[in-house]
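Throughout, numbering of the chain's residues begins at 1 and tracks the sequence.
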Amino acid sequence: MDKSFLWGGSTSAFQFEGGGHEGRKGKSIYDIREEKTQVKYSVTSDFYHHYKEDIALMAEMGFSAFRMSIAWTRLYPTGVEETPNFEGIKFYQDVFQELKKNKIEPVVTLFHWDMPQYLVEKYDGFKSREIITYFERYAETCFKEFGQYVKYWLTLNENNLAMMIPWMYIKDKNNYPKEEHAQLAWDCYYHSILCHFKAVKRGHELLPDARFGNMTASAIAYPLTPKPEDVLATQKHNQRTMWDDLDILTSGEINPSFKQRMADEGVVINISDEDRELMADSNAKIDFISFSYYFSLCTQAAENRNNSEAETMQMLYQGFYNPYLSRTSFGWQIDPLGIRIFMNEAYSRYHLPLLVVENGIGVEDEVLTKDKRVHDDYRIDYLAKHIHQIIKTVDEDKTPVLGFLPWGCIDLYSASGNYNKRYGFVYVDFEDDLARYKKDSFWWYKKVIASNGKELEKIDSTDCNKQS
């Protein structure tokens with residue numbers, strides 16, 4: 001492993017930052033969700049007030065990188081202002097300066113799902129082309145104000161899912177005519193990738209030494225059986241859920257099979273000459289592929305399903321459980337080799353370096369002991385096996401991997417608002433003043449980073465006691 005390999009962790013603003021009513025921050029879709037559900041997205045782990053403490057914990061583990069997102073509404077409260085909110089800019093500048101002081105490289109996501117609520121009410125989010133102008137202004141502000149601190153930029157989080165979940169930013173989603181669903185999905189996706197291309201192009205122009213990437217949700221699938229029909233179904237699944245999007249982002253061209261599928265669903269695709277020029281521009285192309293990886297799944301041809309006894313995975317896409325793999329308590333399959341398979345396949349297609357920006361095991365019943373410890377051997381086992389495969393990907397397969405930034409390095413809220421689903425190396429006591437406590441995995445990950453991935457074995461819990 002190269003010594004420049006980035007070790008660290010990942011978070012997002014709406015799940016970790018808090019400070020939702022401070023610094024003239026505007027309302028995002030999650031603030032509206034809080035009003036309806038009472039889930040405290042405005043507080044979460046309160047990085048807003050704890051960032052120095054949290055960055056100190058990251059530095060103690062030896063982090064060389066930290067992935068975070070910028071809250072669009074902290075810079076532009078409604079999304080449409082002509083000038084940014086200085087208080088928001090000052091907060092992020094303070095965070096970046098603290099990270100750099102601790103020799104931690106910020107990896108920044110521009111958009112991690114927290115759409116300004118005003119853009120939902122006025123434009124239905126990405127459904128309207130109007131949003132492109134506002135996103136470009138926001139991205140340019142980020143590059144100008146934070147470019148001196150940030151080398152690695154990601155555009156839109158897991159945007160390959162946009163075709164499957166276009167409803168996130170639609171004001172009146174429950175009354176949308178069914179016959180218009182496919183067109184809506186395409187329009188939202190298309191305008192979102194134009195935002196991506198605009199941001200990457202402007203970023204390269206303003207920050208020639210920075211590197212710009214996308215963020216893909218991996219959904220790598222295997223055939224449930226060796227039947228040729230199942231193999232073909234798997235190829236189609238992987239193409240539709242991952243490769244179609246990456247094909248566009250890397251080439252600027254829409255895959256012909258993607259176009260045909262849209263036409264078969266009655267979707268009208270209108271691409272202007274100006275859009276084609278933007279998508280073809282070399283400055284608008286990504287420098288690396290970042291991705292999340294939590295599980296693999298199996299797929300099966302529709303004609304084979306009636307006779308199958310396979311157990312179904314009901315998620316964003318229907319899949320089947322792999323009988324050779326174990327699962328987390330949330331039903332996600334544990335497949336360390338899958339991350340290696342995904343990276344090798346992605347590299348063989350696009351010849352771009354990869355960056356792991358989400359991985360980990362969410363556990364709902366973690367116990368904070370009386371002496372304020374968490375014995376999370378399951379997390380150590382999960383991450384050790386995945387890191388082992390990443391190292392093999394680099395050393396044996398010669399696929400370039402920039403770093404490993406597992407999800408929720410300090411406990412945060414899940415996207416659905418479940419703060420009991422924990423991923424972190426640091427326990428956040430959401431019931432007692434958001435106090436931070438180091439888990440056993442904290443000391444283990446510190447050893448892993450110090451050895452550049454060479455020492456993956458578990459540390460005895462008595463050693464953890466001595467170090468704390």
_F425 side chain near D376 side chain, heavy-atom distance below 4.5 Å_ = no
_Between W113 and N157 (side chain of the first, backbone of the second, donor and acceptor by atom type, cut-off under 3.5 Å), is there such a pair?_
yes
*asked:* For D114, is there an ion pair with R74 - N to carboxylate O distance below 4.0 angstrom?
replied: no
_Using the rule given for ring pair (Phe, Tyr, Trp, His ring centres under 6.0 Å), can you reason through Y293 versus F342, listing the C-alpha separation, both sets of side-chain angles and the distance that settles it, and then say yes or no?_
CA-CA 9 Å; Y293 176 84; F342 169 81; 7.2 Å; no
*Do other residues, nucleotides or ligands put more than 12 heavy atoms under 6.0 Å from E253 CD?*
no
_Step-by-step ring pair (Phe, Tyr, Trp, His ring centres under 6.0 Å) determination, F330 to Y294_ = CA-CA 11 Å; F330 283 87; Y294 295 101; over 10 Å; no
*Carboxylate-amine/guanidinium proximity below 4.0 Å for D31 and K25*: yes
*Between R137 and E140, does at least one N-O distance fall below 4.0 Å, as a salt bridge requires?*
no
_For the backbone of E364 and the side chain of N420, can you confirm whether one donor and one acceptor N or O come within less than 3.5 Å of each other?_
no
*Does some side-chain heavy atom of C195 sit less than 4.5 Å from a side-chain heavy atom of F126?*
yes
_Pair R202 + E205: basic N to acidic O under 4.0 Å_ = yes
_Is the ring pair W153/F143 parallel, tilted or perpendicular, if the boundaries are 30 and 60 degrees?_
perpendicular
*Check the side chains of Q93 and Y149 for a donor-acceptor pair under 3.5 angstrom, ignoring hydrogens and angles.*
no
*ring-ring contact (aromatic ring centres under 6.0 Å, His included) partners for Y437, two or more places apart*: none
